[in-house]
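Notes for the one structure printed next.
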Amino acid sequence: MDMSTPALLENYVAGRWVAGDGERTALTDPVTGDTLAFVSSAGLDLDAAFAFARDTAGPALRALSYGERAQRLSQIVATLQANRDDYYAIATANSGTVATDSAVDIDGAIYTLSTYAKLGASLGDAHTLLDGATVPLAKDASFAVRHVFRPTPGVALFINAFNFPSWGLWEKAAGALLAGVPVIVKPATSTAWLTQRMVADVVAAGILPPGSLSVICGSAAGLLDRIGPFDVVSFTGSADTAATLRAHPAFTERSARINVEADSLNSAILLPDAAPGTAAFDQFVREVAREMTVKSGQKCTAIRRAMVPVEHFDAAATAIAERLAKTVVGNPRNETVKMGSLVSAAQKRAVLDGIAHLQAEAETLYDGNRDAVFVDANVNSACVAPVLLGLRDGAAGKRVHDTEVFGPVATLVGYRDIDEAVMLAKRGQGSLVVSLYSNDAVAMRAPALALADAHGRVHAVDPSVAKTQTGHGNVMPQSLHGGPGRAGGGEELGGLRALRFYQVRSAVQGPAALVEALTQDAVELPTS
Ligand code: NAP
């Protein structure tokens, strides 16, 4: 793939490619500082973009059955697989990620899409989903009700974060397209290239009805103004931006639905039985170090707070630091490098500021930046080495429980007993994921249930699942992704549960014969 001449990436709206005509924003290589491409969304006819998706693509998508739309997902998988090498090259250049980290984004997306292709195939020829059984409303059952799901007759707008330009698009689009709802995606500007290229490949392959998938690169200005009452918006990004979006009339006046996936102070908890020298202790240490360094810690699900019984604090600090010290940081093009850079110079500044903010109350247990030698990357690159902070008395902290530093940074937090560990995890005010480590599977039952009301996912690990567990930070399409409270209150994935956001539920009540007739061309929505 030729990357030598930075091009203006076009937007795909109303079924055609259009170049923005205003000020261009440059996308850069975070390691070399080179300009890679430009984007602009200025001057687009957004009214036409939304109308075409809503009025032309929507009906064409909904004319297909669930099974037929699932087949289209399989075709998208084949198209993405055919162009995988180019996606890796774009990720290396624009996101600064090593191949194994690019895989989390690119192959994670392909796996998620193929999972939905399989799940969707199980819905066969159906055009309607049923929600529960028929319930009589009259003593003689002549009048009854049945709940149905129908695809919302609008557009799904995705406003995405910079850290998952591939997975962030497809984990949402899988559910929307399967449901029969056209998609307009606005990727985060700094890494928009990969999203734009994937959309271009899928459009070129002619898989979907025209206008089913649009991409707008650059500013989000004007997008929410076009959101109508039957449209849905899925936002992934910071809590601050989410708060701005939620106040928009699209939601406050027109009652469009919004799903928010925001910041999260995820925890990993070493249970009291998992003393140093036991297998569960080693699993915990491995996972904390891995989560800090995968994608340079730029994962919404990454472990930010690693909680340990205070008597194991020093042993855990030493063991995690030993692992972090082996992390070779630098230019992802060098094969010896294990961790690439952050996504931009701006993110590097934000991470360094965040570390300083936490250091006001936490000690520094390991700082790979002290004598850092970044391989094939200079001090101007966006490279940051891992930093482990520590707070022996977890209850005394404030900042570590409410500040998400979006980089290779975590805080080791001491706790006195498991009730205090649960309480400290909940000081995150609602998180995407918490993980538990014990040598005794059943001992994790009580904390798992105590934590479930504040976490979208509880990931429990003991030595029996050392080889099979899917990882604290890996989002599996079969499991719910999202979290209450501060994490945004959103829900995504979770198998076919994902369809619900894109569908309208209605109670159809009438004569028993009508209610029975609703089952034609319909299937009960399974929960997995
Ligand atoms: P961000 O600054 O909030 O930006 C997110 C998206 O919103 C970008 O596309 C951005 O566009 C757009 N945006 C910014 N201001 C806007 C406005 N006023 N109106 C409409 N759109 C606007 O977040 P980020 O820095 O890209 O992402 C990092 C954050 O995302 C982290 O806090 C992380 O925890 C969170 N995250 C959460 C999940 C999850 O699933 N829960 C996943 C990934 C990331 P521009 O890029 O053009 O500014």
Side-chain angles (χ1 to χ4, degrees), residues 9 11 20 23-27 39-42 46 94-95 104-105 108 112 157-169 171-172 184-193 195-196 215-227 233-248 250-251 258-266 295-304 342-344 346-351 354 402-407 409 428 430-433 455-457 473-475 479-494:
L9 303 179
N11 307 286
E23 198 180 323
R24 301 168 170 200
T25 306
L27 308 193
V39 294
S40 167
S41 60
L46 294 180
N94 194 191
S95 291
V104 179
D105 189 28
T112 301
L157 171 67
F158 303 158
I159 300 179
N160 280 352
F162 66 76
N163 57 332
F164 280 110
S166 164
W167 179 82
L169 163 61
E171 61 104 12
K172 293 176 167 70
I184 297 177
V185 59
K186 193 222 97 63
T189 298
S190 57
T191 56
W193 190 7
T195 309
Q196 194 265 5
V215 62
I216 295 177
C217 302
S219 163
L223 294 180
L224 292 182
D225 299 335
R226 270 74 188 184
I227 290 295
V233 177
S234 192
F235 169 77
T236 301
S238 66
D240 288 346
T241 310
T244 313
L245 263 51
R246 283 188 206 274
H248 193 278
F251 314 110
I258 180 166
N259 187 80
V260 172
E261 301 287 339
D263 313 0
S264 182
L265 274 298
N266 314 298
K295 282 182 111 309
S296 302
Q298 298 168 113
K299 264 169 49 248
C300 52
T301 50
I303 296 169
R304 304 293 173 200
L342 295 181
V343 80
S344 64
Q347 278 305 304
K348 179 179 176 176
R349 275 193 300 279
V351 166
D402 66 18
T403 308
E404 181 203 51
V405 180
F406 208 59
V409 184
S431 304
L432 294 171
V433 52
H455 295 83
R457 180 160 60 86
N474 284 346
V475 176
S479 302
L480 190 74
H481 174 59
R486 163 151 187 174
E491 286 194 355
E492 291 178 341
L493 300 173

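Computed from a predicted structure; not experimentally measured. Excluded from the calculations below are hydrogen atoms, water molecules and symmetry mates; all remaining heavy atoms, backbone and side chain alike, are included. Each ligand, and each atom within it, is numbered from 1 in the order the structure gives.
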Handout entry: Donor-acceptor pair between S264 and N266 side chains, under 3.5 angstrom
Key = yes
Problem - Donor + acceptor pair across side chains of K172, T236 (<3.5 Å) - result: yes
Exercise answer, ligand 1 polar atom pairs (N/O) under 3.5 angstrom:
unit_1	atom_1	unit_2	atom_2	d
ligand 1	3 (O)	S238	N	2.9
ligand 1	3 (O)	S238	OG	2.8
ligand 1	3 (O)	T241	OG1	2.7
ligand 1	9 (O)	N160	O	2.7
ligand 1	11 (O)	K186	NZ	3.1
ligand 1	23 (O)	S238	N	3.3
ligand 1	26 (O)	F162	N	3.3
ligand 1	30 (O)	G237	O	3.4
ligand 1	32 (O)	D263	OD1	3.0
ligand 1	32 (O)	E404	OE1	2.8
ligand 1	34 (O)	E404	OE1	3.4
ligand 1	34 (O)	E404	OE2	2.7
ligand 1	40 (O)	H481	NE2	2.8
ligand 1	41 (N)	A262	O	3.4
ligand 1	46 (O)	T189	N	2.9
ligand 1	47 (O)	K186	NZ	3.0
ligand 1	47 (O)	T189	OG1	2.5

Fill in the blank from the handout: Sequence neighbours excluded, the answer for side-chain hydrogen bond (donor to acceptor under 3.5 Å, both in side chains) partners of N94 is none
Exercise for the section: Any pair with a residue in residues 216-227 that passes side-chain hydrogen bond (donor to acceptor under 3.5 Å, both in side chains), sequence neighbours left out, goes on the list, sorted by first then second residue, please. Expected result: D47-R226, D225-H248
Exercise for the section: Please list, chain by chain and in numerical order, all residues satisfying side-chain hydrogen bond (donor to acceptor under 3.5 Å, both in side chains) with E261, sequence neighbours excluded. Expected result: N259
Problem - Minimum side-chain heavy-atom gap F162-Q298 below 4.5 Å - result: yes
